Amino acid sequence: MPALLAAIVLALFAGCGGSSSSGSSTPEQRFADALEAIVARPDGPPGIVAVVQRGAERVLYTAGVADLTTGAPIDVDDHMRLASVAKAFSGAAALAVVSAGGLALDDTIGKWRPDLPVEWADVTLTQLLNHTSGIVDFSGENDFIEALLASLQVAPPPLELLAFIEDPELSFTPGTRYRYSNSDNIVVALMVEAATGEAYEDVLRTRVYAPLGLTRTSLPAGPALPMSRLNGYDIDPPAAPEDVSELFAAGWTWASGGVVSTPADATRFVRGWAGGALVDAPTRAAQYTFVVGGSSEPPGPGANDAGLALFRYRTRCGTVFGHTGNTPGYTQFIAASEDGTRSVTVAINAQLPPSRNEARFAELRRIYEDGVCLALS
(Lines give C-alpha, C1' and ligand atoms only; values in the text may rest on other atoms or scores of the structure.)
Protein backbone atom coordinates (compact mmCIF):
# COMPACT_ATOMS: atom_id res chain seq x y z
CA MET A 1 0.00 0.00 0.00
CA PRO A 2 2.78 2.61 0.62
CA ALA A 3 3.87 2.38 -3.02
CA LEU A 4 0.27 2.72 -4.14
CA LEU A 5 -0.32 5.82 -2.01
CA ALA A 6 2.86 7.33 -3.39
CA ALA A 7 1.50 6.81 -6.89
CA ILE A 8 -1.70 8.62 -5.93
CA VAL A 9 0.24 11.55 -4.53
CA LEU A 10 2.48 11.81 -7.60
CA ALA A 11 -0.21 11.53 -10.27
CA LEU A 12 -3.70 11.84 -8.86
CA PHE A 13 -4.72 13.90 -11.79
CA ALA A 14 -2.48 14.09 -13.73
CA GLY A 15 -16.96 -3.98 -30.54
CA CYS A 16 -14.53 -5.52 -32.88
CA GLY A 17 -11.14 -6.32 -31.71
CA GLY A 18 -8.88 -8.91 -30.31
CA SER A 19 -5.66 -10.46 -31.39
CA SER A 20 -4.22 -11.07 -34.81
CA SER A 21 -0.90 -12.31 -36.13
CA SER A 22 2.26 -10.21 -35.89
CA GLY A 23 2.47 -10.30 -39.68
CA SER A 24 -0.73 -8.31 -40.12
CA SER A 25 -0.83 -6.33 -43.34
CA THR A 26 -3.65 -3.83 -42.78
CA PRO A 27 -3.52 -0.74 -40.52
CA GLU A 28 -6.52 -2.07 -38.60
CA GLN A 29 -4.82 -5.38 -37.86
CA ARG A 30 -1.56 -3.69 -36.91
CA PHE A 31 -3.49 -1.44 -34.54
CA ALA A 32 -5.12 -4.48 -32.92
CA ASP A 33 -1.67 -6.07 -32.62
CA ALA A 34 -0.35 -2.96 -30.85
CA LEU A 35 -3.14 -3.16 -28.28
CA GLU A 36 -2.34 -6.80 -27.64
CA ALA A 37 1.36 -5.98 -27.34
CA ILE A 38 0.98 -3.32 -24.65
CA VAL A 39 -1.30 -5.59 -22.60
CA ALA A 40 1.26 -8.39 -22.94
CA ARG A 41 4.06 -6.28 -21.42
CA PRO A 42 5.02 -7.37 -17.89
CA ASP A 43 4.27 -3.79 -16.80
CA GLY A 44 1.34 -3.34 -19.17
CA PRO A 45 -2.30 -2.67 -18.27
CA PRO A 46 -4.77 -5.53 -17.72
CA GLY A 47 -6.89 -4.15 -20.55
CA ILE A 48 -7.19 -1.51 -23.23
CA VAL A 49 -10.13 -0.38 -25.37
CA ALA A 50 -10.16 1.86 -28.42
CA VAL A 51 -13.21 3.24 -30.20
CA VAL A 52 -12.48 4.46 -33.73
CA GLN A 53 -15.38 6.15 -35.48
CA ARG A 54 -15.65 7.53 -39.02
CA GLY A 55 -19.05 9.08 -39.57
CA ALA A 56 -21.61 6.53 -38.39
CA GLU A 57 -19.15 3.63 -38.67
CA ARG A 58 -17.85 2.70 -35.20
CA VAL A 59 -15.23 0.01 -34.63
CA LEU A 60 -14.37 -1.24 -31.15
CA TYR A 61 -10.92 -2.72 -30.53
CA THR A 62 -10.12 -4.43 -27.23
CA ALA A 63 -7.28 -6.39 -25.68
CA GLY A 64 -7.05 -7.89 -22.21
CA VAL A 65 -9.86 -7.86 -19.67
CA ALA A 66 -12.07 -5.50 -17.69
CA ASP A 67 -11.75 -7.54 -14.49
CA LEU A 68 -8.74 -9.66 -13.55
CA THR A 69 -10.76 -11.68 -11.01
CA THR A 70 -13.59 -12.73 -13.32
CA GLY A 71 -11.84 -12.40 -16.67
CA ALA A 72 -14.78 -10.35 -17.97
CA PRO A 73 -14.18 -8.88 -21.43
CA ILE A 74 -14.23 -5.12 -22.01
CA ASP A 75 -17.50 -3.61 -23.18
CA VAL A 76 -18.10 -0.23 -24.83
CA ASP A 77 -20.56 0.63 -22.04
CA ASP A 78 -18.24 -0.20 -19.13
CA HIS A 79 -17.93 2.63 -16.61
CA MET A 80 -14.52 4.15 -15.87
CA ARG A 81 -12.95 7.27 -14.40
CA LEU A 82 -12.14 9.88 -17.04
CA ALA A 83 -9.41 11.55 -14.93
CA SER A 84 -8.40 14.93 -16.41
CA VAL A 85 -10.69 14.46 -19.39
CA ALA A 86 -13.17 15.88 -16.85
CA LYS A 87 -11.55 19.26 -17.55
CA ALA A 88 -13.02 19.15 -21.04
CA PHE A 89 -16.45 18.69 -19.43
CA SER A 90 -15.98 21.75 -17.22
CA GLY A 91 -14.94 23.69 -20.29
CA ALA A 92 -17.98 22.43 -22.18
CA ALA A 93 -20.28 23.53 -19.36
CA ALA A 94 -18.65 26.95 -19.10
CA LEU A 95 -18.67 27.65 -22.84
CA ALA A 96 -22.28 26.49 -23.13
CA VAL A 97 -23.14 29.11 -20.49
CA VAL A 98 -21.04 31.69 -22.36
CA SER A 99 -22.91 30.93 -25.58
CA ALA A 100 -26.22 31.42 -23.76
CA GLY A 101 -25.09 34.81 -22.45
CA GLY A 102 -24.69 33.87 -18.81
CA LEU A 103 -20.91 34.29 -18.75
CA ALA A 104 -18.31 36.12 -20.83
CA LEU A 105 -14.84 34.88 -21.66
CA ASP A 106 -13.31 38.05 -20.20
CA ASP A 107 -15.31 37.77 -16.98
CA THR A 108 -12.99 37.67 -13.99
CA ILE A 109 -12.86 35.53 -10.90
CA GLY A 110 -13.42 38.66 -8.84
CA LYS A 111 -16.72 39.34 -10.61
CA TRP A 112 -18.27 35.96 -9.89
CA ARG A 113 -16.30 34.58 -6.93
CA PRO A 114 -15.25 37.44 -4.63
CA ASP A 115 -14.95 34.80 -1.90
CA LEU A 116 -11.77 33.50 -3.56
CA PRO A 117 -8.33 35.07 -2.89
CA VAL A 118 -8.06 38.70 -3.92
CA GLU A 119 -4.79 37.88 -5.70
CA TRP A 120 -6.87 35.98 -8.30
CA ALA A 121 -9.48 38.67 -8.83
CA ASP A 122 -8.34 39.78 -12.30
CA VAL A 123 -7.84 36.29 -13.76
CA THR A 124 -10.30 35.72 -16.62
CA LEU A 125 -12.34 32.71 -17.62
CA THR A 126 -10.24 32.41 -20.79
CA GLN A 127 -7.02 32.26 -18.77
CA LEU A 128 -8.48 29.53 -16.56
CA LEU A 129 -9.60 27.45 -19.53
CA ASN A 130 -6.28 27.60 -21.38
CA HIS A 131 -4.12 27.22 -18.24
CA THR A 132 -2.48 30.64 -18.38
CA SER A 133 -3.94 31.81 -15.05
CA GLY A 134 -0.84 31.48 -12.87
CA ILE A 135 -2.89 29.96 -10.03
CA VAL A 136 -0.93 27.35 -8.08
CA ASP A 137 -2.03 23.72 -8.47
CA PHE A 138 -3.74 22.73 -5.22
CA SER A 139 -3.04 19.02 -5.82
CA GLY A 140 0.68 19.55 -5.29
CA GLU A 141 0.32 21.22 -1.87
CA ASN A 142 1.49 19.28 1.20
CA ASP A 143 -1.70 20.02 3.13
CA PHE A 144 -3.79 18.58 0.30
CA ILE A 145 -1.71 15.41 0.14
CA GLU A 146 -1.96 14.89 3.88
CA ALA A 147 -5.72 15.46 3.87
CA LEU A 148 -6.21 13.09 0.93
CA LEU A 149 -4.27 10.26 2.53
CA ALA A 150 -6.10 10.76 5.82
CA SER A 151 -9.56 10.54 4.20
CA LEU A 152 -9.44 8.76 0.84
CA GLN A 153 -13.12 7.81 0.84
CA VAL A 154 -14.61 11.15 1.91
CA ALA A 155 -13.71 14.39 0.13
CA PRO A 156 -14.25 17.97 1.31
CA PRO A 157 -16.60 20.40 -0.49
CA PRO A 158 -15.13 21.70 -3.78
CA LEU A 159 -14.40 25.19 -2.45
CA GLU A 160 -12.17 23.69 0.23
CA LEU A 161 -9.91 22.11 -2.40
CA LEU A 162 -8.61 25.58 -3.24
CA ALA A 163 -8.10 26.36 0.45
CA PHE A 164 -5.21 23.86 0.43
CA ILE A 165 -3.15 26.42 -1.53
CA GLU A 166 -0.78 27.80 1.10
CA ASP A 167 0.28 30.94 -0.78
CA PRO A 168 -2.38 32.35 -3.15
CA GLU A 169 0.13 34.62 -4.88
CA LEU A 170 0.06 34.01 -8.64
CA SER A 171 3.12 32.22 -10.01
CA PHE A 172 3.23 34.51 -13.07
CA THR A 173 1.28 37.35 -14.66
CA PRO A 174 -1.94 35.87 -16.08
CA GLY A 175 -1.88 35.34 -19.83
CA THR A 176 1.91 35.46 -20.14
CA ARG A 177 2.78 31.77 -19.65
CA TYR A 178 1.26 28.31 -19.90
CA ARG A 179 1.18 26.05 -16.86
CA TYR A 180 -1.26 23.17 -16.48
CA SER A 181 -3.06 23.46 -13.13
CA ASN A 182 -5.84 21.41 -11.58
CA SER A 183 -6.94 24.52 -9.71
CA ASP A 184 -8.06 26.22 -12.93
CA ASN A 185 -11.01 23.93 -13.62
CA ILE A 186 -12.17 23.95 -10.01
CA VAL A 187 -12.48 27.73 -10.31
CA VAL A 188 -14.22 27.39 -13.70
CA ALA A 189 -16.91 25.18 -12.18
CA LEU A 190 -17.35 27.54 -9.22
CA MET A 191 -17.82 30.45 -11.64
CA VAL A 192 -20.39 28.40 -13.58
CA GLU A 193 -22.31 27.81 -10.36
CA ALA A 194 -22.28 31.53 -9.50
CA ALA A 195 -23.37 32.59 -13.00
CA THR A 196 -26.22 30.07 -13.30
CA GLY A 197 -27.35 29.78 -9.69
CA GLU A 198 -27.26 26.00 -10.16
CA ALA A 199 -25.07 23.21 -8.83
CA TYR A 200 -22.27 22.37 -11.25
CA GLU A 201 -23.47 18.77 -11.51
CA ASP A 202 -26.91 20.02 -12.62
CA VAL A 203 -25.34 22.27 -15.25
CA LEU A 204 -23.45 19.28 -16.62
CA ARG A 205 -26.67 17.28 -16.88
CA THR A 206 -28.70 19.97 -18.64
CA ARG A 207 -26.08 21.65 -20.83
CA VAL A 208 -23.65 18.83 -21.66
CA TYR A 209 -25.03 15.33 -21.03
CA ALA A 210 -28.55 15.90 -22.39
CA PRO A 211 -27.62 17.79 -25.60
CA LEU A 212 -24.97 15.18 -26.49
CA GLY A 213 -27.03 12.13 -25.52
CA LEU A 214 -24.75 11.02 -22.69
CA THR A 215 -26.77 8.54 -20.63
CA ARG A 216 -23.98 6.81 -18.70
CA THR A 217 -21.95 9.82 -17.56
CA SER A 218 -21.96 11.41 -14.10
CA LEU A 219 -19.93 13.37 -11.57
CA PRO A 220 -20.17 11.46 -8.27
CA ALA A 221 -18.93 12.78 -4.95
CA GLY A 222 -17.92 9.45 -3.43
CA PRO A 223 -15.73 6.50 -4.48
CA ALA A 224 -18.37 4.12 -5.89
CA LEU A 225 -18.51 3.04 -9.54
CA PRO A 226 -21.41 1.21 -11.24
CA MET A 227 -21.01 -2.57 -11.36
CA SER A 228 -20.73 -2.63 -15.16
CA ARG A 229 -17.26 -1.20 -15.15
CA LEU A 230 -13.74 -1.30 -16.44
CA ASN A 231 -11.87 -2.00 -13.21
CA GLY A 232 -8.82 0.20 -12.63
CA TYR A 233 -5.53 -1.28 -11.39
CA ASP A 234 -2.25 -0.18 -9.89
CA ILE A 235 0.58 -1.82 -11.84
CA ASP A 236 3.91 -2.14 -10.03
CA PRO A 237 5.75 -5.37 -11.05
CA PRO A 238 6.73 -7.76 -9.61
CA ALA A 239 3.80 -7.12 -7.24
CA ALA A 240 0.43 -8.36 -8.44
CA PRO A 241 -1.93 -5.71 -9.88
CA GLU A 242 -4.14 -4.13 -7.21
CA ASP A 243 -7.71 -3.04 -7.90
CA VAL A 244 -7.98 0.70 -7.15
CA SER A 245 -11.30 1.34 -8.90
CA GLU A 246 -12.89 2.70 -5.73
CA LEU A 247 -9.81 3.71 -3.76
CA PHE A 248 -10.66 7.41 -3.38
CA ALA A 249 -13.70 9.68 -3.62
CA ALA A 250 -14.24 11.48 -6.91
CA GLY A 251 -14.79 14.69 -4.94
CA TRP A 252 -11.05 14.96 -4.35
CA THR A 253 -10.71 15.93 -8.03
CA TRP A 254 -14.27 17.19 -8.75
CA ALA A 255 -14.38 19.32 -11.92
CA SER A 256 -10.71 18.63 -12.66
CA GLY A 257 -10.91 14.84 -12.65
CA GLY A 258 -14.03 13.32 -11.10
CA VAL A 259 -16.25 12.50 -14.09
CA VAL A 260 -17.25 8.85 -14.59
CA SER A 261 -18.26 7.73 -18.08
CA THR A 262 -17.95 4.90 -20.64
CA PRO A 263 -15.99 4.49 -23.88
CA ALA A 264 -19.23 4.97 -25.84
CA ASP A 265 -20.24 8.14 -23.98
CA ALA A 266 -16.68 9.53 -24.07
CA THR A 267 -16.78 9.12 -27.86
CA ARG A 268 -20.13 10.90 -28.13
CA PHE A 269 -18.79 13.69 -25.94
CA VAL A 270 -15.60 14.40 -27.86
CA ARG A 271 -17.40 14.33 -31.21
CA GLY A 272 -19.87 16.94 -29.97
CA TRP A 273 -17.36 19.00 -27.98
CA ALA A 274 -14.74 19.19 -30.73
CA GLY A 275 -17.42 19.56 -33.38
CA GLY A 276 -18.98 22.66 -31.84
CA ALA A 277 -22.35 21.20 -30.87
CA LEU A 278 -22.51 23.08 -27.55
CA VAL A 279 -21.31 26.57 -28.50
CA ASP A 280 -22.09 29.47 -30.81
CA ALA A 281 -19.73 30.65 -33.56
CA PRO A 282 -17.90 33.44 -31.65
CA THR A 283 -17.35 31.16 -28.64
CA ARG A 284 -16.12 28.37 -30.90
CA ALA A 285 -13.61 30.71 -32.51
CA ALA A 286 -12.22 31.50 -29.06
CA GLN A 287 -12.26 27.82 -28.11
CA TYR A 288 -10.04 27.11 -31.13
CA THR A 289 -7.45 29.79 -30.32
CA PHE A 290 -4.32 27.96 -29.15
CA VAL A 291 -1.32 28.45 -26.92
CA VAL A 292 1.39 26.81 -29.00
CA GLY A 293 3.32 24.18 -27.07
CA GLY A 294 0.77 23.96 -24.26
CA SER A 295 0.69 20.24 -23.54
CA SER A 296 -2.04 18.18 -21.96
CA GLU A 297 -1.14 16.07 -18.91
CA PRO A 298 -0.05 13.46 -19.82
CA PRO A 299 0.95 14.50 -23.35
CA GLY A 300 -1.20 13.49 -26.27
CA PRO A 301 0.10 12.35 -29.66
CA GLY A 302 2.17 14.59 -31.89
CA ALA A 303 2.68 18.29 -31.14
CA ASN A 304 0.37 19.58 -28.39
CA ASP A 305 -1.20 23.06 -28.23
CA ALA A 306 -3.72 24.32 -25.64
CA GLY A 307 -7.09 25.81 -26.54
CA LEU A 308 -10.04 26.45 -24.23
CA ALA A 309 -10.45 23.14 -22.36
CA LEU A 310 -9.33 21.15 -25.37
CA PHE A 311 -5.95 20.48 -26.94
CA ARG A 312 -4.80 20.41 -30.55
CA TYR A 313 -2.82 17.29 -31.44
CA ARG A 314 -0.87 17.66 -34.70
CA THR A 315 0.09 14.14 -35.80
CA ARG A 316 1.69 12.58 -38.86
CA CYS A 317 -1.78 11.79 -40.22
CA GLY A 318 -3.49 15.08 -39.49
CA THR A 319 -4.84 17.21 -36.66
CA VAL A 320 -7.41 16.28 -34.03
CA PHE A 321 -8.74 17.99 -30.91
CA GLY A 322 -9.42 16.53 -27.47
CA HIS A 323 -7.96 15.81 -24.06
CA THR A 324 -5.95 13.28 -22.07
CA GLY A 325 -6.00 12.21 -18.44
CA ASN A 326 -4.55 9.83 -15.91
CA THR A 327 -5.43 8.94 -12.35
CA PRO A 328 -4.86 5.85 -10.19
CA GLY A 329 -6.29 2.96 -12.21
CA TYR A 330 -6.87 4.76 -15.51
CA THR A 331 -5.23 6.51 -18.46
CA GLN A 332 -7.45 8.25 -21.03
CA PHE A 333 -7.31 9.84 -24.48
CA ILE A 334 -10.20 11.30 -26.50
CA ALA A 335 -9.93 13.22 -29.77
CA ALA A 336 -11.94 14.14 -32.84
CA SER A 337 -11.62 16.04 -36.09
CA GLU A 338 -12.65 19.68 -36.08
CA ASP A 339 -16.06 18.84 -37.53
CA GLY A 340 -16.56 16.01 -35.03
CA THR A 341 -17.17 13.34 -37.68
CA ARG A 342 -14.00 11.31 -37.08
CA SER A 343 -12.84 10.34 -33.63
CA VAL A 344 -10.76 8.04 -31.47
CA THR A 345 -11.12 7.15 -27.81
CA VAL A 346 -8.49 5.06 -26.00
CA ALA A 347 -8.93 3.92 -22.40
CA ILE A 348 -6.52 1.86 -20.29
CA ASN A 349 -7.39 0.35 -16.92
CA ALA A 350 -4.09 1.29 -15.29
CA GLN A 351 -2.26 4.54 -14.68
CA LEU A 352 0.60 4.74 -17.18
CA PRO A 353 2.19 8.20 -16.83
CA PRO A 354 5.54 8.95 -18.49
CA SER A 355 7.05 9.68 -15.08
CA ARG A 356 6.77 6.01 -14.09
CA ASN A 357 7.97 4.42 -17.36
CA GLU A 358 8.96 6.51 -20.38
CA ALA A 359 9.28 3.58 -22.79
CA ARG A 360 5.85 2.21 -21.89
CA PHE A 361 4.26 5.63 -22.28
CA ALA A 362 5.98 6.16 -25.63
CA GLU A 363 4.36 2.89 -26.76
CA LEU A 364 0.99 4.20 -25.59
CA ARG A 365 1.45 7.50 -27.46
CA ARG A 366 2.14 5.50 -30.64
CA ILE A 367 -1.18 3.74 -30.08
CA TYR A 368 -2.88 7.12 -29.72
CA GLU A 369 -1.37 8.33 -32.98
CA ASP A 370 -2.16 5.13 -34.84
CA GLY A 371 -5.75 5.46 -33.62
CA VAL A 372 -5.83 9.01 -34.97
CA CYS A 373 -4.56 7.74 -38.33
CA LEU A 374 -7.31 5.12 -38.49
CA ALA A 375 -9.93 7.74 -37.66
CA LEU A 376 -8.71 10.19 -40.30
CA SER A 377 -7.96 7.63 -43.02
Side-chain angles (χ1 to χ4, degrees), residues 10-14 82-92 123 126-140 170-188 253 255-257 266 270 273-274 286-327 330-338 343-348 351-373 375:
L10 289 173
L12 176 60
F13 299 91
L82 289 189
S84 282
V85 170
K87 295 178 174 66
F89 281 75
S90 66
V123 173
T126 290
Q127 291 161 349
L128 292 166
L129 289 171
N130 67 11
H131 296 297
T132 62
S133 72
I135 298 176
V136 172
D137 190 336
F138 74 90
S139 68
L170 297 174
S171 56
F172 53 83
T173 301
T176 64
R177 293 173 56 187
Y178 174 87
R179 181 175 296 170
Y180 190 92
S181 173
N182 290 296
S183 300
D184 290 337
N185 294 82
I186 302 297
V187 180
V188 167
T253 56
S256 278
V270 75
W273 174 226
Q287 176 191 14
Y288 272 76
T289 300
F290 294 92
V291 178
V292 176
S295 176
S296 58
E297 293 287 341
N304 292 199
D305 306 307
L308 301 189
L310 92 169
F311 291 85
R312 179 173 62 191
Y313 301 115
R314 292 175 287 166
T315 77
R316 72 180 190 275
C317 296
T319 300
V320 290
F321 306 86
H323 216 290
T324 62
N326 79 126
T327 195
Y330 300 94
T331 305
Q332 304 285 3
F333 169 63
I334 62 170
S337 58
E338 188 170 356
S343 62
V344 57
T345 295
V346 180
I348 299 96
Q351 186 178 27
L352 308 183
S355 60
R356 296 182 70 178
N357 189 314
E358 290 186 6
R360 181 181 59 183
F361 187 74
E363 186 175 343
L364 181 58
R365 283 188 82 195
R366 285 192 292 271
I367 288 173
Y368 292 165
E369 187 158 27
D370 290 345
V372 169
C373 291

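Positions are given from 1, in the same order as the sequence printed here. Please read all numbers here as calculations on a predicted model, not as lab measurements.
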Can you confirm whether [X] sits close enough to [Y] that some side-chain heavy atom of one is under 4.5 Å from a side-chain heavy atom of the other?
X      : Y      : answer
Glu297 : Ser84  : no
Leu308 : Thr126 : yes
Trp273 : His323 : no
Tyr313 : Thr319 : no
Gln287 : Phe321 : no

Rounded to the nearest 0.5 Å, what separates atom [atom1] in [X] from atom [atom2] in [Y]?
X      : Y      : atom1 : atom2 : answer
Ser355 : Phe361 : OG    : CZ    : 9.5 Å
Gln332 : Leu82  : CD    : CG    : 5.5 Å
Asn130 : Tyr180 : CG    : OH    : 13.0 Å
Thr253 : Asn185 : OG1   : CG    : 11.0 Å
Leu364 : Phe333 : CG    : CZ    : 9.5 Å
Ile186 : Lys87  : CD1   : NZ    : 8.0 Å

Please check this pair: side chain of [X] against backbone of [Y], looking for a donor-acceptor N/O pair closer than 3.5 Å.
X      : Y      : result
Ser183 : Ile135 : no
Ser256 : Asn182 : yes
Thr132 : Thr176 : no

Specify the closest pair of heavy atoms between [X] and [Y], including all atoms of both residues, with the distance to one decimal.
X      : Y      : value
Gly322 : Val270 : CA-CG2, 4.3 Å
Arg316 : Asp370 : NH2-OD1, 2.8 Å
Thr315 : Glu369 : CB-OE2, 3.1 Å
Ala266 : Ile334 : CB-CG2, 4.1 Å
Ser343 : Ala375 : O-CB, 3.5 Å
Ser133 : Leu128 : CB-CD2, 4.0 Å

- Residue pair Thr324 / Tyr368, side-chain donor-acceptor N/O under 3.5 Å: no

- Restricting to pairs with a member in residues 300-313, which pass salt bridge (charged side-chain N to carboxylate O under 4.0 Å, His left out), not counting sequence neighbours? Asp305-Arg312, Asp305-Arg314

